[in-house]
Amino acid sequence: MQALVLAGGQGTRLRPLTLTTPKPVLPLAGRPFLAFMLDWLRGHGVTEAVLSCGFMSDGVRDVLGDIYEGMRLRYVIESEPLGTAGPVRLALDQGVLAERLLVLNGDVLTDMDLTAELAQHERTGARATLALIAVQDTASYGVVPTGPDGMVEAFLEKSEGPAPTNRINAGAYVIEREVIETAVPTGRAVSFEREVFPHLVENGLYGWAAEGYWMDIGTPERYLEATYDLLSGRPESKLEPRDETGSLIGEGCLTAGAHIGPQVVLGAHCSVGSDSTVERSVLHDRVRIGADCHVRGSVLADRVQVGDGARIESGALVGAGARLGEGTVVAAGARIDPGVAVQPGERVA
Ligand code: GDD
Ligand code: MG
């Protein structure tokens with residue numbers, strides 16, 4: 001089985017983290033995000049994954065290479081952003097597409113049963129089958145009402161007003177190559193959600209009711225939520241055991257005299273000074289935090305340095321290599337760009 005993973009978006013909602021690391025390989029609970037997705041695909045019989053990259057494609061290839069746990073990885077690189085369907089057309093034009101394939105949004109953490117989706121696709125003779133998951137708030141997704149037999153009745157991408165169903169597009173499709181050949185033009189950006197799927201309504205497009213864990217990690221809130229969920233063991237994953245505070249401490253970390261947890265991820269070679277508290281936060285690799293600091297509900301990218309007595313409040317994102325002076329206060333939800341130096345005592349809102 002072949003899967004094509006859409007991994008070329010700019011990850012704007014996760015800036016500044018995605019200014020230095022592409023979203024598909026952003027560390028999630030200490031592993032490149034796509035590692036979770038590739039484990040999941042492999043568990044459903046996928047032997048080859050085509051990674052569709054554009055924005056910062058080298059960053060993806062450098063991290064994942066050409067083989068992952070026996071699975072072949074191929075890269076299709078676009079020079080201009082081609083949207084969600086355009087990259088699949090490019091892969092077709094480059095001769096790499098199988099007759100039937102899975103297409104995945106490259107920012108979804110899930111354990112849903114792709115094998116069952118494939119079985120339904122086969123049974124109905126669909127041209128394309130979309131995994132649909134129930135969510136509470138449908139606003140930032142594609143809403144997909146279906147008939148009793150699973151036939152898709154409409155595809156409403158991020159539309160306003162009351163939603164006709166709480167089932168949304170989960171970003172996991174089974175597609176026949178013929179659909180790409182006939183419904184996706186070559187050489188320009190094309191959106192599955194806005195062009196291709198609406199056109200396929202009542203023309204071979206089916207929905208499959210997915211269950212289980214599902215999270216799009218593309219916003220800071222959901223990135224953190226997915227982190228906490230992984231730490232607590234749902235979904236299941238290959239993570240190392242967590243400590244008694246439910247935290248994951250990377251190799252070579254120095255934390256003597258610091259209070260770490262609950263629900264913290266420390267990347268490799270981080271240090272946290274004495275009497276500092278880090279809770280419900282993610283530190284990527286080589287982050288250094290001084291003494292008497294408070295960090296809560298935040299994400300600090302690689303090599304961030306934090307001076308003594310600093311406070312970083314909920315929802316803050318600090319870009320790679322930023323340096324926060326002593327006594328700095330980073331307000332809730334603030335974002336600091338990579339490499340920026342914040343002066344001692346300064347407050348960043
Ligand atoms: N190669 C390539 N080129 N990939 C792209 C491009 C592009 O130009 N633009 C976006 N992508 C990739 C992103 O990296 C991501 O993995 C995937 O396509 C979806 O893009 P997002 O930007 O994350 O879309 P979204 O989350 O707002 O909405 C999509 O996902 C929802 C579920 O999470 C839609 O498919 C919705 O219908 C869906 O409900
Ligand atoms: Mg997304």
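One-based numbering, in listed order, for ligands and for the atoms of each.
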Check whether any side-chain heavy atom of L28 sits under 4.5 Å from a side-chain heavy atom of L26, and report yes or no.
-> no
Would you call the rings of F155 and F197 parallel, tilted or perpendicular, where under 30° means parallel and over 60° means perpendicular?
-> tilted
Number the atoms of ligand 1 from 1 as they appear, then name those within less than 4.0 Å of a heavy atom of Y173, with their elements.
-> 35 (O)
side-chain hydrogen bond (donor to acceptor under 3.5 Å, both in side chains) evaluation trace for T84 with E193 = CA-CA 8 Å; T84 47; E193 298 85 346; 2.7 Å; yes
Answer yes when R347 and E313 have at least one side-chain N-carboxylate O distance shorter than 4.0 Å, and no when they do not.
-> no
Of all the heavy atoms in Q10, does at least one lie under 4.0 Å from an atom in ligand 1?
-> no
Between W214 and ligand 1, which residue portion shows a heavy-atom distance shorter than 4.0 Å: side chain, backbone, both, or neither?
-> side chain
If you have a sec, work out which protein heavy atom is nearest atom 37 (O) of ligand 1 and how many Å separate them, to one decimal?
-> E157 OE1, 2.6 Å
Look at atom 3 (N) of ligand 1 and say which protein heavy atom is nearest, naming residue and atom and giving the distance to 0.1 Å.
-> E78 OE2, 2.6 Å
When you look at F33 and L109, which way does the side-chain contact (heavy atoms from CB on, under 4.5 Å) test go after all the steps?
-> CA-CA 8 Å; F33 171 70; L109 177 69; 3.9 Å; yes
Which segment of V5 sits under 4.0 Å of ligand 1 when only heavy atoms are counted = neither
For Y68 and D39, run side-chain hydrogen bond (donor to acceptor under 3.5 Å, both in side chains): C-alpha distance rounded to whole Å, both residues' side-chain angles, the deciding distance at 0.1 Å, then the answer.
-> CA-CA 9 Å; Y68 176 83; D39 290 341; 2.7 Å; yes
Rounded to the nearest 0.5 Å, what separation is found between the NE2 atom of H294 and the OG atom of S281?
-> 10.5 Å
Can you name the closest pair of heavy atoms from L6 and N105 and give their distance?
-> CD1-OD1, 3.7 Å
For ligand 1, indicate whether the residue P87 contacts it via side chain, backbone, both or neither (heavy-atom separation under 4.0 Å).
-> side chain
Do any nitrogen or oxygen atoms of Y141 lie less than 3.5 angstrom from nitrogen or oxygen atoms of ligand 1?
-> no
For Q263 and R242, does a side-chain donor sit closer than 3.5 Å to a side-chain acceptor?
-> no
What do you think, any protein heavy atom under 4.0 angstrom from atom 35 (O) of ligand 1?
-> yes
Crowding at CD, E181 (>12 non-hydrogen neighbours, <6.0 Å) = yes
Within a distance under 4.0 Å of any heavy atom of K23, pick out the atoms of ligand 1 and give their elements.
-> 23 (O)
Counting from 1, what ligand 1 atoms have a heavy atom of L82 closer than 4.0 Å?
-> 8 (O)
Whether over 12 other heavy atoms sit under 6.0 Å from E160 CD = no
Test of proximity, S140 against ligand 1: N or O pairs below 3.5 Å = no
Heavy atoms from other residues, nucleotides or ligands near CD of E346 exceed 12 (cutoff 6.0 Å) = yes
Atoms in ligand 1 with a heavy atom of P81 nearer than 4.0 Å | 8 (O)
Crowding at CZ, R177 (>12 non-hydrogen neighbours, <6.0 Å) | yes
Go through the structure and list residues passing side-chain contact (heavy atoms from CB on, under 4.5 Å) with A301, not counting sequence neighbours.
-> L17, H284, A320
Report yes if some N/O of G106 lies less than 3.5 Å from some N/O of ligand 1; otherwise report no.
-> yes
Any heavy atom of R13 under 4.0 Å from ligand 1? The part involved is side chain
Of the non-hydrogen atoms in T21 and M56, which two are nearest, and what is the gap between them?
-> N-CE, 3.6 Å
Results of salt bridge (charged side-chain N to carboxylate O under 4.0 Å, His left out) for R280 - residues two or more places apart only | none
Could you name all protein N, O or S atoms found under 2.8 Å from the Mg ion (ligand 2)?
-> D107 OD2, D216 OD2
What's the shortest distance from atom 10 (C) of ligand 1 to any protein heavy atom, and which residue and atom give it?
-> G9 CA, 3.7 Å
Is there at least one pair of N or O atoms, one from T84 and one from ligand 1, spaced under 3.5 Å apart?
-> no
Which other residues belong to the hydrophobic cluster containing L266, where Ile, Leu, Val, Met, Phe, Trp and Tyr are joined when side-chain heavy atoms lie under 4.5 Å apart, directly or via other members?
-> I249, I260, V264, V272, V278, L283, V287, I289, V295, L300, V304, V306, I312, V318, L324, V330, I336, V340, V342, V348
At under 4.0 Å between heavy atoms, what of D216 touches ligand 1? The answer is side chain
Joint hydrophobic cluster, V174 plus V50, side-chain heavy atoms closer than 4.5 Å = no
Answer yes or no for F33: is there a heavy-atom contact with ligand 1 below 4.0 Å?
-> no
In terms of residue, atom name and distance, what is the protein heavy atom nearest to atom 18 (O) of ligand 1?
-> L6 CB, 3.6 Å
Return a yes/no value for G54: is any of its N or O atoms, backbone included, closer than 3.5 angstrom to an N or O of ligand 1?
-> no
Candidates L90, T18, V108, N105; heavy atom nearest atom 19 (C) of ligand 1 found on N105
Nearest non-hydrogen contact to atom 8 (O) of ligand 1 from the set G8, P22, G83, A170 belongs to G83
What protein heavy atom sits nearest atom 38 (C) of ligand 1, and how far away is it?
-> N169 O, 3.2 Å
